[in-house]
Structure formats: structure tokens, C-alpha cells
J.: 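First the structure, which I've put down as C-alpha cells, then a few questions once you've had a look.
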Amino acid sequence: VSGARILLIEDDPAVARTVAQNLRRHGFVMEVAGTGEEGLEKTSRFRADLVLLDLGLPDISGFDVLDSLRNRGNVPIVVLSVRGAERDKVRALDAGADDYLTKPFGVDELLARVRVALRHAARSPTGADAVFRSGGLAIDFERRLVTVAGEEVRLTPTEYGLLSALAANAGAVLTDRALLQRVWGAEYGNENHYVHVYMARLRRKLEADPSRPRYIRTEPGVGYRLLEDLASER
Amino acid sequence: MMTNVLRYGASAFIRQLAVALVAVAVTTLLLLQLPRPLWLPSGSIVYLLAVLVVSTWAGRAAGLIAALASFLSFDWFFTEPRFTLTIREPHEWIALLAYVVVAIVVSELTALQREHLLEAKNREHESRLLHDLTDLLAGHRLGGALAAAAERLLEELGAEAVVIRIHSEDGVTATAQAGSEAAAGVMRAAAPASATLVLGRGDAASGSHSGAPGRWMRIVPPYRATGFPRNAARVPIRRDSRTLGDLSVQWPAGGHIGGREARLLDTVADQLAVATERELLLVRALEAEILRRTNELKSQLLDAVSHDLRTPLAGIIASAGSLRQTDVDWTDEDRAEFASTIEQEAERLNRIVGNLLDLSRIQGGALRPARAWHDPSLLLVDAAERVRSVAGDHRVIVELSPDLEPALIDPVEIDQVVTNLLENALKHTRPGDEVRLTARSRDHILEVGVEDSGPGIPPAAIERLFEPFYRTAQSKLAPGSGLGLAVAKGLVEAHGGRIRAENRPGGGARFVFSIPSPEPPPEATK
């Protein structure tokens, strides 16, 4: 992951400078663009492995930049947006962004998102591992077997579908709509409440203490995220 | 006698004439039944009785007619030679002349008595009408009062239609009408200056003074395209030489309008002017109050901005400045502490700004919750988890009832409500204390409570707790902007829900909000 080339499209100089400095220090090669046009122009020359895209740009809409980038290839894109703009985040994710960061964000969060997005891009052609592990949770995709701390958890096909969809994108957010279409089918679109309710059931089965959840995190108004790389036991 | 004021002039006279003639004819027939010697002595007394009855019952003109008719009839039927108007005996002349004088005097006196009685009744009636109108106009806001007044006036005058229009320069406009829609429509549409019959300014009747009605002015317009009906009148509603509107009355074709009606309309117009003036003052007072509150809110906002935004900024600036000091040899722990101060204070600033934005969206009415069916357990548990990460030594305990059902909520906004309530509870409790988050469903109403074991809420503060920038004396000691609870209230109310605060019997405060789902959860979610 280290040494990857990252293009940051962000018009605020202070944010751009801080983000670029931090990522450089962590071994990434950085390029910064202050406008959408400049960003699109630099994408091809710079051959970015990842694009960090601010949705609020001074010249063209961040969504237009997102569309153009998606039309050119599948470089991972993490969008930067503000709190309260949940609809924008969902729209960006459904339009092909891989993840998002809510401004203001901390450096730890920035690094985590960047690493997850780069790892997914690297892994996607070969497919996921046969077994997913995070903390006490293990998912054996071949045997469709889910265990928590070695104990088998019996899931319905829908619950298993949700969990494996989240695991395939572990660390990244999946929108309600993305989950709905992956688990229920492409003909579904507005039945987001199926996802909300089944996700609550799934969590009750997975978590030892459902009032202190560890594995699944909700992103209010956006979707769900399965946390990866959890320490095996607390 | 409850006659309509706009009575028919010609037909009233014919009725009086008929009553007088019939009464005299009947009396004559009765007298003719008596033995002849009794005719002369009792005739004048019996006729006088008839005149008395007629003038009491049918008025002055009828009495006078009866007096003359009975004189002629007496002469014709009862004095010798009969069936002529000549009289033989001189003493009979005297008797007849005396009779006619007495009859006229009696009829005049009775009629006068009757008129006084009628006048008194009318006055009583008018003052009752006036009293009713005053009540109507005082009891409602202008629009409703005008409608009621128009209705009452229509009934009182027996008019075809009544239209009241208020169009003051100060922006109070209202229209009310009663009676025939077609007639009212014509008067409503007519320009203020287009009436042909307008009541001039007179004196309104008051307690002791009967009032001097203004004169009717028939206005002949230079051209005939005015469109104002001929059998209608318009009374301007004026106050201190300012025209506030007008009152139009149209009566049935052939009716007429007299002095009493003019006085009545003038008085009513005066009442309407008073009511309009009152409404104007009310509107102005309301505007002033809104301005005052806006100003208050602005100054509170300024206070909050200057104090609550500057406090974290002071920490950030001081810490960042310290880190840049080159002549001091900071230890790694020192540096870490400065950095974490910057981070924490910036996050606090971020929360305040977020709440300010929410508040402005709430107050601007721009809040449209994106409601969908959610299992509240996920959201509540995650909100508690997020608060725990900054809660230090507090224990945040989540208790969800097993009957908790999906609810129709905007997850971002409800998450904000729960977070604000939890942060508020943490602020008012000591480290190590418990903060309890509970939730249950009842009749498709989601009920969420946040309880703490802090000092509780001062009783005087309970009412004002949810006002923006309101802070109790004790909460002024804790960091915060007085925005969290106001935002929580706004968000809950945008969901059609309610929020309240109370003190727990065992000590500590309890905040409860409830969100109704307008329909039961869909089958698929059960």
C-alpha cells in the first residue's frame, strides 16, 4: 500500500496542505489539485492509484468529477463531504465512490479510509479470501459458516447475504441501496427498511453484548460498515 | 314590534287607511244595533273608543283618519236628518264639533304615546344590537368579527346583502359579506368612490344622546359606468379623518332607507372603525414583539458566539502557539497534551457549529426529516457507543425493551437528538455516575428516555430548558452553548413528536421524547 499515488482534489489550501503532508509522511506520493478541471486533467498524467475528492469544488460539481473519473476507469475514489450532507454522500457512493470521509476528520480516520480503499482495489480482481476474520468473528465463505469466538452462529440466508456483502467490502461503507440490491436483488430499490430491520437482527445474533456492538457500525443516513482488523479478543 | 327597518313606505300608509276605515265601519254597524234613543248619547263615546284603539294599534295617521271618518259617519247615520251631511239642531252641531276636536286630540295623544313606546323599543333594540356587535367585534380577530357583524346587520336591517371592506393604509385588509352572493359581489367589486348614495359624517348615538345621523349624499357620477346598485348605500368607515374601509348595504327593490337606519349604520361604522383600529394596534404589537424576540435571539446568539466559540478557540490558539515555541524544550508528553487539547477543543467547536446550523435550519423551517423504517436499537446503541468514547469515566447504560418495534424516523436527526441528550446528561453528572438510555414502543410510538443521577433541574428552569441559548445557573459552569436541547426539541417536533424534561423521584433528571409512526410497521419488517 505504501508508495501508492494519491490525487487530492480539494480547494481549501489549509486542508489540502495538512492532508498532503500527512499522507506524504506515511509514504504516499501526493498530487494536489485545487479545482475540478485541474483534478480531471491531472488524473491521466499522474496515474493515480486513489483519488480523494471534495464534493464542494469552486468550478464544477464534485458529482461531475466523480462521473468523469468513473467513465475513465475504476480508480478508487474516497469523497470528502460535510456533516448534514448525508444525501450527497449516499448519492456519491451510489454513483461509484468507494467510501467517504466527513469533514472535519482526524488523521487516523483519513489513513484508515485510504488503506481500506487501496486494499480493496488491489484485491478485487482475484476475489476475496476464503475466510474472513475480524476479532472473534470468522466467516468461511466456502462452507457458509459463521462463528463468533469459535461458536457457530445460525443465520438465515438473508442475514448471511448481508454479512457476506459487508465482509466482501470490509472496512468500507455500503449504502442501504447497495446492500438491498446485492442481497434482495437488482429489482429492489426503495425497500431500505428491509436492510435496517435485518441488520438489527444480524447484529443481535453476532454481538455477544448487543448494547456494546463491535463488528457492525451504522453510518446514520448512509449505510453500514463491517469493521476489520479488530483485535481478536478484548 | 320587530319590523324590518327597511319597510315599505307606500304600503304602510294603505294599511293604516284600511285599518281606520274598517274600524269605523264596524263601530258604525254595532251602534246601529242599539235602540234609537241611545244613538246620540253613546255614539260619540263608542266612536272615541274606536279612535283610541286605532291610533294605539296603527299609529298617528290611522287615528286621524279614524277621527275624521267617524265624524262623517256620525253625521251621516245618526244625526237628523239622517243620510245627509246637514244637521238640524244647533246643539248637535256643538256636540259633533266637540267630538271631532276630542277625537283628534285623543288620537294625537295616543299616537304620541305609541311613538314614544316604539322609540323606546327601537332604542332598546338598537342598543342590544350595538352591544351584540361590540361583543362580536371584541371577541374575535377582525376577519371573523366582520363576518359575524355582517350577518347580524343583514338580519337586523332585512337587507338583501351587506358587505364590509377594510382596506387601511397600514396593511390591514379584510372583507366580509352576508346575504345574496350576487348582490354582495357587485358591491364588493365596486370601487370605493363609485357609490351613488353615501352617508356623510354624523354623530354616533351614545347613552343619553340620540345621535345626529350624517346626511345622505346622492352622488351623481360624471359618467354612468359605476356599477354600484341604485338601491344600495355605502357608509365610509373612518377614524380621525382616515378612511379605513366601508360598509355597503343593499335593500330589496322598492324599499327605502330612513333616518333611523342612517343612525344605525353610522353607529355600526363607528364600531367597525374601533375594531379595525384595535386590530391595527394588535398587528403592530405583534410585529414589535417579533422584532423584540428576534433581537433577543440575536443578542443571545452573539453572546453564545462570543463566549462559547471563543472558549475552545482560546485553547486551540494557546496550544498551537505553545507547540511553535522553539526556545522551550517540551517533553513528548507535553506535545501530546497540546495536540490532544487542540483536537478536543476543535471537536467541541465542531459540535457547537453543527448545533448552530441545525438550529438555524429548524428556525428557518427548512427541516424535512427523511423518514424511513428503522430498528431504533441499532441507532441508539451506536449513539451510546460514540458518546462513550468521549465520556471518560461515566457509565452509559443502554436498556432496550424487548417490544421495541421499527419506527418511522430520520436516522441522522434522531441520532443527533439522542447524542445531544446523552451529552447533556454527561455534562451534569460526576465521573463514575451512571447515565441510562432506555427505549420502548407503545401503540406505534417510540419512546426514548435519558436519565442521569445529577443534581436534577431547578423547577423554574423546566419550562425554559428547551429554549435556544437558555442555560441554568449550574449549567453555566459546564461547557456548552445552550443549543443541544433546543436542537433536540426542534428535531423531535419536526418528526411530529414531543419532548419533555422532569426530575426523577430518586434524584437526577430525566428527558423523554416520543416519536409517533403514522402507520404500523410494514409486515416485512416484523
Side-chain angles (χ1 to χ4, degrees), chain A residues 14-15 18 22 81-91 102-109 158 162 175-177 180 183-184 188-225 227, chain B residues 339-340 342-344 346-347 349-351 353-355 357-358 360-361 366-386 388 396-400 402 404-419 437-439 521-526:
Chain A
V15 174
T18 317
N22 270 290
S81 177
V82 290
R83 187 182 79 94
E86 271 65 29
R87 269 162 245 198
D88 282 355
K89 292 170 192 165
V90 171
R91 190 176 149 203
T102 302
K103 281 184 178 180
F105 46 81
V107 175
D108 295 344
E109 213 181 343
T158 306
L162 281 174
T175 62
D176 294 348
R177 190 185 170 85
L180 188 69
V183 178
W184 275 267
Y188 287 80
N190 296 314
E191 296 84 351
N192 291 1
H193 54 271
Y194 292 3
V195 178
H196 306 150
V197 172
Y198 275 90
M199 202 57 86
R201 280 184 208 170
L202 177 60
R203 185 192 261 180
R204 277 196 283 273
K205 288 189 182 179
L206 289 187
E207 306 284 0
D209 176 3
S211 77
R212 305 296 304 261
R214 303 185 57 205
Y215 305 115
I216 298 170
R217 186 195 285 174
T218 60
E219 305 280 341
V222 180
Y224 300 87
R225 195 189 291 278
L227 299 189
Chain B
S340 88
I342 293 176
E343 203 170 32
Q344 277 170 16
E347 263 162 23
L349 210 52
N350 188 35
R351 279 199 300 277
V353 170
N355 275 329
L357 284 177
D358 282 342
S360 76
R361 281 197 304 149
L367 209 62
R368 298 269 178 283
R371 296 176 75 171
W373 289 104
H374 282 267
D375 188 320
S377 65
L378 282 184
L379 194 148
L380 297 174
V381 162
D382 285 17
E385 194 62 26
R386 232 171 311 117
R388 272 185 197 118
V396 181
I397 291 169
V398 184
E399 276 173 10
L400 304 177
L404 195 60
E405 4 174 270
L408 207 49
I409 50 179
D410 181 320
V412 183
E413 291 176 0
I414 295 307
D415 179 84
Q416 185 72 50
V417 173
V418 175
T419 307
L437 174 66
T438 63
E523 267 317 300
T525 64
K526 293 219 174 122

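Just so we're on the same page: letters track the sequence lines, and every chain starts at 1. Just the heavy atoms: all of them, side chains too, but no hydrogens, waters or symmetry mates, feed the values below. Every value quoted in this text rests on a predicted model; they were computed, and no experiment measured them.
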J.: Go through B:Asp415, B:Leu400, B:Leu437, B:Leu380 and name the one with the most non-hydrogen pairs under 4.5 angstrom from chain A.
T.: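 Ranked by contacts with chain A, first place is B:Asp415.
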J.: Contact part of B:Gln416 toward chain A, heavy-atom cut-off under 4.5 Å: side chain, backbone, both or neither?
T.: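 The answer is the side chain of B:Gln416.
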J.: Please determine, among A:Gly221, A:Pro220, A:Pro104, the option with the most heavy-atom pairs under 4.5 Å with chain B.
T.: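 Heavy-atom pairs under 4.5 Å are most numerous for A:Pro220.
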J.: Sequence neighbours excluded, which residues qualify as salt bridge (Lys or Arg N to Asp or Glu O under 4.0 Å) partners of B:Glu399?
T.: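 Per chain and number, B:Glu399 pairs via salt bridge (Lys or Arg N to Asp or Glu O under 4.0 Å) with B:Arg436.
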J.: Please work out which of the three classes, parallel, tilted or perpendicular, describes the rings of A:Tyr194 and A:Trp184, given edges at 30° and 60°.
T.: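 Judged by the thresholds at 30° and 60°, the geometry between A:Trp184 and A:Tyr194 is tilted.
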J.: Is any side-chain heavy atom of A:Tyr224 closer than 4.5 Å to one of B:Leu378?
T.: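 Yes; the side chains approach each other to less than 4.5 Å.
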J.: What pairs meet the salt bridge (Lys or Arg N to Asp or Glu O under 4.0 Å) rule with one or both residues in residues 372-382 of chain B, with sequence neighbours excluded?
T.: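 Every pair satisfying salt bridge (Lys or Arg N to Asp or Glu O under 4.0 Å) with a residue in residues 372-382 of chain B: A:Arg203-B:Asp382, A:Arg204-B:Asp375.
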J.: What part of B:Ala383 lies closer than 4.5 angstrom to a heavy atom of chain A: side chain, backbone, both or neither?
T.: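 For B:Ala383, no heavy atom lies under 4.5 Å from chain A.
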